[in-house]
Amino acid sequence: MNNNNEIIDISNLDSILFKSFSFFHNFCITCGLCSSTCPASGIEEFDPRKIVRLVSLGLEDEAVQSKWPWVCTMCGKCENLCPMGVDITGIIRKIRGLREKNKIPGILQNGLEAAIKTGNNLSLPKEDFIYILEDVANEIKEEKGFEDFEVPIDKKGANILLTIHNKLVNTHTEDLKHWFKIFYAANESWTISSENWEGTNWAYFTGDDDSMKILCGRIIEQMKRLEIKSLLWPE
Amino acid sequence: MKRNKVLIIGGGIAGLSAALELSKLGLESIIVEKEKNIGGYASQFACKANIKCVKCGACIVHEKIQSVINRENISIYTKSSLKDIKKVEEKKYNVVIEKNMDCDSEKAEISFSINAVVMAAGFIPFNPKDKPYGYQKFKDVITNLDLERILKSENILKRLSDNTLPEKIAFIQCVGSRDSTLNHLWCSKVCCPSALRMANLIKAHQNVDITFFYIDIQSFGKDFLNLYPELKKNMKMIRSIPSDVIEDENGKLKITYFDNTNKKSIDEFFDIIVLSIGITPNKDLNNIVDAIGLQINDFGFLNKSIFVTGSITGPMNISETIGSAGITALGIYNYLKV
């Protein structure tokens, strides 16, 4: 972060200065187990220990402006091994959430805004969504043993509500068939909501708690509307 | 004063040193040791002298054992344990010792009175089998304690799996220490100095590459800081702890670690991996602790008192233990004198 000739005032290195943070990050003993186990260690010079150090030293701006929190995949291997129980993915999410929205890398913020506005990351209209699902259902019907397959959309009182990852109605429609065929073979009572069906929640990745709650809440609303008790949220 | 007897629980370096000091002060001691030999873990430690003595303290243990055996006012019960202890009055306890615990036909109980008890029951080495390093799964993953025992009898370290000479050895520090998930928040203190000394000893006798994975070197002991620059010279020092060990089809042990200097994640293969396991509290003695009014701290070690000595109060090395036993002996002497 700092090049070697930059003078650092060490009186400013204090975890208390990382004001946006409430938990016990100062507990890190810098053992490096997180960095050893991290599958992303070394990418863009990232390793989890450095992020925890930035936070422990109260370097909030440096952490927020750094690329590193966005290199992490939040797989959680690090915190699973951490001997001091530091919530490393929690730290990463918190730092991501502190970034200005227009500086969030890649398509994350665009997809999230589309989801908040239209109910799914692709801004896919309801008619198109239903058309794609029925198209897939028709393809399944052509297979032996699935002749009477129907895709149950908005079926009240079904046992399971299934959310859909947007890529499954975009580039990966073949993958929908596996799910559908398993339900069919298991004689399961299931359904898909025609509205707010989005199974991804990119607010989880951008650290945007408010948006995350909105998207989660919408799924709960669909469960209530359709009187369904079980949720299958594969993403 | 002459007839005062002190019961010492534990015949390790702490108990032996306390008995010797008490003996010099004219007090009679009875040592109860559960193993068949006295000397404890420290008696299994190898001398780590290379060209010159590195002050590891291993030889002192054997001097202590000899001295204790030669003393008339020290009696020793090995393979024995304290079965019962009752306080009769101030400075008087009735105790029952079970002898020959390991043999049903020779098992026997003896009862007598004592005037004070010294708890010197030592520590329990951390068992790393649940850590992701394959201990007890892969033969060539050993502990620092295993390595002590090997180096005590062998000049050359070989792989336990196939008896071949290792080309690369890794030491992993802090296994079971400084670990809040285990509620082991302490540093075990002895592992950095002893592991580095052992690594250096191995290098003196055989051609081998050694990598030392550590958090930060804990330099307890007044001589260690002078020694450290010399010790680390011949090793690759990596300041991060590896996350796991996997054995490949050729019996090589793969470690994945983050190389802080090159900022890269590295897979490297080793022939032997030594885990520096922590010192954990001896929790086996709670009934005695209650009977003599001692207190256990949040981590399971005993709070310091004049009746407690050595590593049962927390990690300490040989010289610190001997020092602690000296203080205890003097404390007991003053306590009984009054």
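Just so it is clear: chains get the letters A, B, ... in the order the sequence lines come, proteins before strands, and each one is counted from 1.
- The shortest distance between side-chain heavy atoms of A:D47 and B:S240 does not fall below 4.5 Å.
- Atoms NZ and CG, on B:K131 and A:L81 in that order, are 8.0 Å from each other to the nearest 0.5 Å.
- In plain terms, the two heavy atoms of A:C82 and B:T181 that are nearest each other are O-CG2, 3.6 Å.
- Residues B:Y257 and A:S36 share a closest heavy-atom pair of CA-OG, 3.4 Å.
- Looking at heavy atoms from C-beta onward, B:R239 lies in side-chain contact with A:R49 at the 4.5 angstrom threshold.
- Heavy-atom distances place the side chain of B:L185, and not its backbone, under 4.5 Å from chain A.
- With contacts defined as side-chain heavy-atom distances shorter than 4.5 Å, the pair A:C38/B:F258 does not qualify.
- Contacts of A:C34 with chain B are absent, with no heavy-atom separation under 4.5 Å from either backbone or side chain.
- A:M84 is not listed as a side-chain neighbour of B:D179, based on a closest heavy-atom distance of 4.5 Å or more.
- Closest non-hydrogen pair, A:L33 versus B:P242, comes out as CD2-O, 3.0 Å.
- In this structure, A:E44 and B:K263 have side chains that are not in contact, with every pair of non-hydrogen atoms separated by 4.5 Å or more.
- With a threshold of 4.5 angstrom between heavy atoms, A:K77 does not approach chain B through any atom at all.
- Between the A:S41 side chain and the B:S265 main chain, no donor and acceptor come within less than 3.5 Å of each other.
- The shortest non-hydrogen separation linking A:I29 to B:I215 is O-CG2, 3.0 Å.
- A heavy-atom distance below 4.5 Å is not found between the side chains of B:R178 and A:P83.
- Going from atom NZ of A:K50 over to atom CG of B:N260 covers 6.5 Å, rounded to the nearest 0.5 Å.
- Atom CG in B:D259 sits 11.0 Å away from atom OG in A:S35 (nearest 0.5 Å).
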